[in-house]
There are 2 protein chains.
Amino acid sequence: MFNPLIQKLEGFVELSDADRDALHRLASVARDVPARTNLVREGEPPSDIIFITEGIGCRFKQRANGARQITAYLVPGDTCDLDIALLNRLDHTIATLSPCKVARVSATTLREITENHPAIARAMRISALIDEATLREWLVNIGCRSALERIAHLFCEFLVRLRAVGLATEDSCDLPMTQHELADTTGMTTVHVNRSLQELRRRGLIELKGKNLKVLDWPRLRSLAEFKAGYLRVDGQTMF
Amino acid sequence: MFNPLIQKLEGFVELSDADRDALHRLASVARDVPARTNLVREGEPPSDIIFITEGIGCRFKQRANGARQITAYLVPGDTCDLDIALLNRLDHTIATLSPCKVARVSATTLREITENHPAIARAMRISALIDEATLREWLVNIGCRSALERIAHLFCEFLVRLRAVGLATEDSCDLPMTQHELADTTGMTTVHVNRSLQELRRRGLIELKGKNLKVLDWPRLRSLAEFKAGYLRVDGQTMF
DNA sequence: CGCAATCTTGAGAATGCTCAAAAGTGGTGG
DNA sequence: CCACCACTTTTGAGCATTCTCAAGATTGCG
């Protein structure tokens with residue numbers, strides 16, 4: 001029985017059978033949610049804690065003029081902030097990008113679990129630190145890298161994250177987001193994302209067929225992006 | 001006896017006299033650190049928890065080509081990640097921008113304090129959530145806003161944060177960073193920061209004399225930046 | 001007072017944007 | 001099963017914002 005949450009947390013700490021059971025029970029309440037659906041909305045009081053067990057989600061903020069900035073991708077095994085209940089209002093929206101399975105758990109239930117399973121609590125704290133490090137890396141991406149480098153970096157990171165939960169082969173994975181969504185992620189326009197993708201293909205670095213991304217030349221893609229997986233804390237972070 | 005850490009945390013929770021005492025003891029070990037000094041370096045194993053009690057610091061990451069991205073400013077009352085001890089390596093450097101007073105505390109000492117003072121623990125969790133929300137807002141800033149808007153937003157945020165710890169008047173504060181550092185913060189070049197500052201002055205929005213920033217027209221600066229202070233969770237977030 | 005860092009200015013160039021339209025894709029209802 | 005429609009991807013051309021390089025002015029510190 002595949003459970004990305006368990007697979008992810010086991011990358012950080014040792015889990016007991018009881019821990020794994022608890023996580024299985026968490027994931028068992030997951031429900032199907034269609035693509036492009038808001039899960040929690042900016043400005044609302046925080047409700048439940050959310051876990052994604054299947055599909056890709058994102059966090060985003062929107063400006064009055066409609067401009068949108070995606071601030072994170074959520075892959076299976078990811079959660080929203082655990083401490084979310086400490087806030088009165090959320091500062092951003094969480095939505096699905098592809099069809100997802102989403103588990104919602106009350107803050108109380110989660111507190112019970114973390115109190116009874118310190119290993120889980122510890123792993124989730126580590127996971128939160130990684131999310132924050134990823135956010136910093138995205139800021140570096142938009143602040144310091146060229147268009148081509150940004151896309152390359154995003155793809156490197158996405159592939160490594162999916163590999164960590166067993167949802168990618170060594171060189172390829174699903175890439176459900178549209179070019180428009182990639183644009184909202186990287187602070188570029190759709191047109192320029194399209195041209196950058198073509199350039200990556202022309203250089204023989206990647207192949208994009210439908211919603212599938214295949215990395216053809218990992219060393220060169222990695223080096224173009226100046227991608228160092230350390231901040232993701234996954235095993236084999238220096239792999240390839 | 002002025003203590004920005006206490007002032008900040010009291011914005012989030014009620015503190016008892018014992019809580020305040022503990023925080024006073026924390027701040028009492030603060031030592032002087034000159035401007036432009038690294039406090040903890042990227043790639044090193046995490047050492048102590050750091051508190052800034054005076055002066056302005058920053059977090060940054062650097063690319064191989066020397067390009068630097070500042071990912072956060074630290075103002076008095078701010079700390080580095082509390083959970084830092086859970087990591088093997090830091091993903092970014094923390095440094096002073098102006099001369100600072102910095103307190104270093106071992107993870108053990110801090111754990112003792114948070115265990116004996118739940119209100120402090122809670123306030124620090126809230127503080128960490130705000131730091132993360134601020135990071136998201138910076139991503140929006142660089143990803144979605146024009147050069148002029150970015151600087152305007154940065155100034156709005158900086159002034160509100162300093163006001164929250166009593167280090168700014170209603171319309172002005174110290175601004176110790178150079179234009180080069182503002183450039184590293186906003187993903188622009190020094191030259192363009194300079195021209196944007198001139199434009200803000202030309203429009204009568206701000207006044208910059210030496211290291212002092214004075215906002216001349218808060219409503220228009222705020223509206224240009226589309227600044228909404230909600231994510232900072234300070235009292236009077238709707239002020240002006 | 002002098003040096004180094006910071007700020008300012010100018011001019012040309014490049015990266016990425018805007019607008020517009022065409023081509024391709026997928027899903028849905030008749 | 002086909003036709004249609006909406007969405008996504010692709011292409012072109014002109015343009016704006018921002019960058020690069022270079023040099024001069026100003027400031028502050030030792």
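All values below were derived from every heavy atom in this structure, side-chain atoms included, with hydrogens, water molecules and symmetry-related copies excluded. So that the names make sense, note that chain A is the first sequence line, chain B the second, and so on, each numbered from 1.
A heavy atom closer than 4.0 Å to some atom of DNA chain D occurs in S146(B), A147(B), these being the qualifying members of residues 138-149 of chain B.
Using a 4.0 Å cut-off between charged nitrogen and carboxylate oxygen, K228(A) and E137(A) do not count as a salt-bridge pair. Between E44(A) and R89(A), no side-chain nitrogen of the basic residue sits less than 4.0 Å from a carboxylate oxygen of the acidic one, so the salt-bridge criterion is not met.
The distance from atom CZ of R202(A) to atom C1' of dT10(D) is 17 Å, rounded to the nearest whole Å. Taking atom CG on L197(A) and atom C1' on dT9(D), their separation rounds to 10 Å, with Å as the unit. As rounded to whole Å, 11 Å separates atom P of dG16(C) from atom CD1 of I151(A). Atom CZ of R36(B) and atom P of dG28(D) are 14 Å apart (whole Å). Regarding R195(B), its CZ atom lies at a distance of 14 Å from the P atom of dC21(D), rounded to whole Å. The nearest whole Å value for the distance from the NZ atom in K211(A) to the P atom in dT25(C) is 12 Å. To the nearest angstrom, P of dT9(D) lies 9 Å from CG of L208(A). At whole-Å resolution of the value, NE2 in H180(B) and C1' in dT8(C) are 16 Å apart.
Within the 4.0 Å cut-off from OP1 or OP2 of dT9(D), not a single side-chain nitrogen or oxygen of K209(A) is found. Close to dT10(D), at under 4.0 Å from its OP1 or OP2, lies a side-chain N or O of N194(A). Using a 4.0 Å cut-off, some side-chain N or O of R201(B) falls inside it from OP1 or OP2 of dT8(C). Taking 4.0 angstrom as the limit, Q198(B) places a side-chain polar atom (N or O) nearer than this to OP1 or OP2 of dT9(C).
For T189(A), whose side chain is taken as the heavy atoms from C-beta onward, the closest listed nucleotide among dC17(C), dG10(C), dC19(C) is dC17(C). Closest contact between the side chain of H192(B) and the listed nucleotides dT8(D), dC7(C), dC19(D) involves dC19(D). Closest contact between the side chain of M188(A) and the listed nucleotides dG10(C), dC17(C), dT11(D) involves dC17(C).
Cation-pi contact between R163(B) and W218(B): present, with separation from the ring centre below 6.0 Å and deviation from the ring axis of at most 45°.
Side chain of E132(A) to main chain of E132(B): no donor-acceptor pair is present (N/O by atom type, distance under 3.5 Å, no hydrogens or angles). Between the side chain of D48(B) and the backbone N or O of I50(B), no donor-acceptor pair lies under 3.5 Å.
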Practice prompt. Step by step, work out the side-chain hydrogen bond (donor to acceptor under 3.5 Å, both in side chains) result for K61(A) and T71(A).
Written response: CA-CA 7 Å; K61(A) 299 190 75 161; T71(A) 62; over 6 Å; no

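Ring geometry for H153(B) against Y231(B) counts as parallel: the plane angle stays under 30°, on a 0 to 90° scale with 60° as the upper cut.
Residue order along DNA chain C, read from the 5' end via each residue's closest nucleotide, puts Q179(B) first among Q179(B) and R150(A).
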